[in-house]
2 protein chains.
Amino acid sequence: MTEKEQRKATIYDLSVKSGASASTVSAVLNGTWRKRRISEETANKIILLAQEHKYTANQQARALRSSRSGLAGLLLPIYDTRFFSSMAQTFEAQARKRGFLPVVVAGRRDPEEERRTVESLVAYSIDLLFIAGATDPDGVHKVCARARLPHVNIDLPGTLASSVISDNRQGARALTLAIIRHAQQGGPLTPDDVYMFGGRDDHASRERTIGFHAAKAEIFGTCRGDDMESTGYSPSMTALAFERFYQRHGRLPRCFFINSSINFEGLLRFMGKHDGEAFGDIVVGCFDYDPFGSFLPFPVYMIRPDIEGMLEKGFELLDLEEDAPRIVLIEPQLVLPRTALEGPLDELKDSVTSL
Amino acid sequence: MTEKEQRKATIYDLSVKSGASASTVSAVLNGTWRKRRISEETANKIILLAQEHKYTANQQARALRSSRSGLAGLLLPIYDTRFFSSMAQTFEAQARKRGFLPVVVAGRRDPEEERRTVESLVAYSIDLLFIAGATDPDGVHKVCARARLPHVNIDLPGTLASSVISDNRQGARALTLAIIRHAQQGGPLTPDDVYMFGGRDDHASRERTIGFHAAKAEIFGTCRGDDMESTGYSPSMTALAFERFYQRHGRLPRCFFINSSINFEGLLRFMGKHDGEAFGDIVVGCFDYDPFGSFLPFPVYMIRPDIEGMLEKGFELLDLEEDAPRIVLIEPQLVLPRTALEGPLDELKDSVTSL
DNA sequence: TGTGCTTGCACCATCGATTGTGCAACTTAG
DNA sequence: CTAAGTTGCACAATCGATGGTGCAAGCACA
């Protein structure tokens with residue numbers, strides 16, 4: 001009787017077995033029973049029964065009635081970047097900690113697809129949405145607003161909802177200073193030796209550009225404008241940019257700033273076609289962290305956005321339910337070359353060797 | 001009237017506006033209207049109305065009634081490995097293509113948490129589940145069976161449900177042959193120069209070990225057993241294993257096989273503490289692909305599992321609804337050193353530069 | 001004109017949980 | 001011993017979509 005249930009138990013099954021009404025069972029099992037003045041005795045009996053029958057509430061029914069689904073959404077552009085997959089993992093942990101079931105979806109940097117994707121989340125009446133790196137945050141905002149869906153922007157700000165983002169400007173400045181100083185150890189440097197690749201016309205790229213130029217100005221006193229190649233978030237376009245630079249100058253810049261690990265993959269593709277002489281003495285800064293990237297055969301400084309901090313803050317903002325949108329800056333971390341940071345992997349219970 | 005709806009439209013709203021009954025509206029909008037002999041005219045009228053009002057069905061209600069939620073689950077151990085995040089991304093695309101909303105969750109390699117996680121998916125009456133790298137696939141299977149939830153194992157086989165996995169043995173053999181041959185170019189090699197790090201007592205590790213030893217036997221004719229360090233899937237334990245080896249031999253093995261990119265991160269940590277002399281002439285094989293890993297300052301051969309192929313096959317198996325579990329092998333790909341493969345990133349619409 | 005078939009749709013129970021309301025039974029005060 | 005308050009619970013409507021069933025109107029045919 002306890003073992004071989006045919007279907008999943010419902011409150012009605014427990015109601016019959018316990019002699020209490022379904023509403024009583026419901027109240028007991030969702031924790032509102034004190035408010036409903038159910039006796040401790042009745043409650044305990046029902047809780048025991050529920051455990052015996054491995055009762056779990058049908059979330060669809062609960063959601064239908066209460067219009068709270070228990071689902072929390074995260075919209076990413078893509079997954080398979082260290083940055084976004086860390087985001088997914090951290091989001092998962094934090095959402096579950098708060099009692100939500102996380103649903104992570106990708107908009108593939110297509111405004112239309114972003115909106116459709118969010119619509120489909122809305123159809124599941126998700127309770128909240130984190131928008132991380134949408135191409136069109138405000139378009140997504142409108143979909144959310146129509147559905148009265150609480151949401152925050154993460155990492156890339158929108159104007160219509162609150163945003164939690166990295167301090168791109170300061171991070172870029174620190175990163176640029178670090179690579180310039182490192183490169184200067186190999187001999188004097190001119191502004192022309194310091195270049196920037198990647199990014200496009202979004203808020204993050206703009207801020208990083210400002211930080212990049214601010215650092216150059218601090219070191220060199222001045223800085224000309226012709227020191228960037230904006231390639232979008234595309235490995236292949238970035239590879240082309242490196243190739244062009246190489247054709248023009250016979251080498252890569254002594255020292256350069258790469259806008260994200262996606263663009264960094266463009267450098268890899270360039271490297272795949274050339275041998276070491278093309279990049280023997282370069283110093284690279286990348287606004288993103290990837291442990292393998294940190295150990296490439298030249299100094300790589302990286303910036304690790306504080307994903308945990310951003311998401312934590314994002315949940316806080318959602319709890320506050322303010323209506324005036326605001327922007328919160330979170331400081332990222334400068335990671336020195338040849339550094340393998342610990343990560344979520346280290347918290348797993350798997351560390352036990354089987355030998 | 002079309003613009004400022006207060007709440008999301010329901011079939012009842014459309015029923016009133018169209019003059020048809022709610023059941024007619026429902027039938028029209030879910031495509032069963034021909035079967036119900038609704039006239040084309042009525043159908044068109046309702047479809048138009050639905051578009052005007054941006055109607056989307058409440059999935060909770062639909063799920064409650066029909067007990068099909070439209071959710072498809074993927075259980076991962078963790079996200080932030082290139083392998084699993086690619087898996088998540090590919091799964092997302094394939095699930096959406098098939099009309100499901102993907103829900104990706106992580107069990108963190110803890111059998112208990114895996115089961116709890118799946119229970120929570122069951123509470124949402126998900127329609128199918130992919131189990132990728134569960135620590136206890138058969139435990140998860142039981143939870144699924146109780147809930148009559150169709151499921152397949154991906155990448156790590158179970159005995160109770162069908163599985164789609166990489167051909168670990170052949171992959172490991174090919175990888176081992178590749179690194180040995182490469183290392184032999186630097187001078188003669190003995191079996192003691194060829195080592196294996198990482199993995200534990202799971203099916204994948206066992207098969208890879210067999211392939212590894214098979215390759216050694218092919219080359220050296222024989223092979224002793226003392227050529228492995230099983231460290232679990234933990235970066236820190238792997239780092240320790242490298243450290244121990246280094247303490248004993250004063251260097252790393254000329255040539256070694258790393259069981260996964262997670263273990264590879266252990267090598268990074270080791271490298272972070274040592275300078276180049278500890279690994280000047282090593283040749284490494286890793287059973288996983290990471291583009292940055294491919295460009296480290298020594299030759300790295302990698303195996304890229306065919307994630308797309310595995311998932312595709314997984315969906316096929318679920319469609320078949322066989323009851324006898326079976327195992328399908330998918331061939332992985334050997335990736336030569338210094339190779340930046342194209343990936344999902346390249347399919348994005350983002351390639352346009354803003355300059 | 002009556003019988004029987006088809007067309008086109010409406011009615012209504014149902015999925016499982018939530019929640020406002022009602023009301024016995026019991027307790028306490030006067 | 002009665003009125004007022006408290007305790008402990010049951011009842012029933014409801015969320016939105018689905019699908020079995022029933023039935024009127026229209027038509028063909030004898």
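Sequence lines set the chain letters: A, B, ... in the order given, protein chains first and strands last, and positions in each chain run from 1. Being a predicted model, the structure only gives us computed values, none of them experimental.
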Sequence neighbours excluded, which residues qualify as side chain to side chain donor-acceptor pair (under 3.5 Å) partners of A:Ser125?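 By the side chain to side chain donor-acceptor pair (under 3.5 Å) rule, A:Ser125 matches B:Gln60.
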
Non-hydrogen atoms of [X] and [Y] that approach each other most closely:
| X | Y | answer |
| --- | --- | --- |
| B:Tyr55 | B:Ile11 | OH-CG2, 3.5 Å |
| A:Asp127 | A:Ser67 | OD1-O, 4.5 Å |
| A:Tyr79 | B:Val104 | OH-CG2, 4.1 Å |

Any chance the side chains of A:Asn58 and A:Thr10 put a donor and an acceptor closer than 3.5 Å? no

Drop me the distance from [X]'s [atom1] to [Y]'s [atom2], to the nearest 0.5 angstrom.
| X | Y | atom1 | atom2 | answer |
| --- | --- | --- | --- | --- |
| A:Gln59 | B:Leu71 | CD | CG | 11.0 Å |
| A:Lys17 | A:His53 | NZ | NE2 | 4.5 Å |
| A:Leu128 | A:Leu74 | CG | CG | 10.5 Å |

For chain B and DNA chain D, what are the first and last nucleotides along the strand, 5' to 3', with at least one atom under 4.0 angstrom from a heavy atom of the protein chain?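 Both ends considered, the range comes out as D:dG16 to D:dT21.
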
In whole angstroms, how far is the [atom2] atom of [N] from the [atom1] atom of [X]?
| X | N | atom1 | atom2 | result |
| --- | --- | --- | --- | --- |
| A:Asn58 | C:dT18 | CG | C1' | 13 Å |
| B:Lys35 | C:dT7 | NZ | C1' | 18 Å |
| A:Tyr12 | C:dA13 | OH | C1' | 13 Å |

Contacts of A:Glu92 that satisfy salt bridge (Lys or Arg N to Asp or Glu O under 4.0 Å) - sequence neighbours left out: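 Result, salt bridge (Lys or Arg N to Asp or Glu O under 4.0 Å) vs A:Glu92: A:Arg96.
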
Parallel, tilted or perpendicular: which one describes the rings of A:Phe130 and A:Phe315, with boundaries at 30° and 60°?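 Tilted: the ring planes of A:Phe130 and A:Phe315 meet at 30° to 60°.
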
Count the heavy atoms of every other residue, nucleotide or ligand shown that sit under 6.0 Å from CZ of B:Arg68, and state whether that count exceeds 12.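 Open: at most 12 neighbouring heavy atoms sit under 6.0 Å from CZ of B:Arg68.
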
Would you check if B:His203 and B:Ile165 make a side-chain contact, meaning some heavy-atom pair closer than 4.5 Å?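 Yes, side chains in contact.
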
Contact list for DNA chain D against residues 24-34 of chain A - heavy-atom distance below 4.0 Å: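 Nucleic-acid contacts, sorted: A:Thr24.
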
Shorter than 3.5 Å, N or O on both sides, protein versus nucleotides 20-23 of chain C: list them out with atom names.
residue	atom	partner	partner atom	Å
C:dG20	N7	A:Arg36	NH2	2.8
C:dG20	O6	A:Arg36	NH1	3.2
C:dG20	O6	A:Arg36	NH2	3.0

Among A:Ile47, A:Leu29, A:Thr24, whose side chain to side chain contact (heavy atoms under 4.5 Å, CB included) with A:Leu14 holds?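 Answer after filtering A:Ile47, A:Leu29, A:Thr24: A:Leu29.
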
Which residue, A:Ile11 or B:Ile38, contacts DNA chain C at a nucleotide closer to its 5' end, judged by nearest heavy atom?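 First, find each residue's nearest nucleotide; the 5'-ward one identifies B:Ile38.
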
Could you pick out which residue, B:Ala20 or B:Leu64, lies toward the 5' side of DNA chain C when each is mapped onto its nearest nucleotide? B:Ala20

Base, sugar-phosphate, or nothing: which does A:Thr42 touch, judged by heavy atoms less than 4.0 Å apart?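 Since only primed, P, OP1 and OP2 atoms lie under 4.0 Å of A:Thr42, the category is sugar-phosphate.
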
Take the C1' atoms of the five end pairs on each side of the helix from C:dT1-D:dA30 to C:dG30-D:dC1, derive the two axes, and give their angle rounded to 10 degrees. 60°

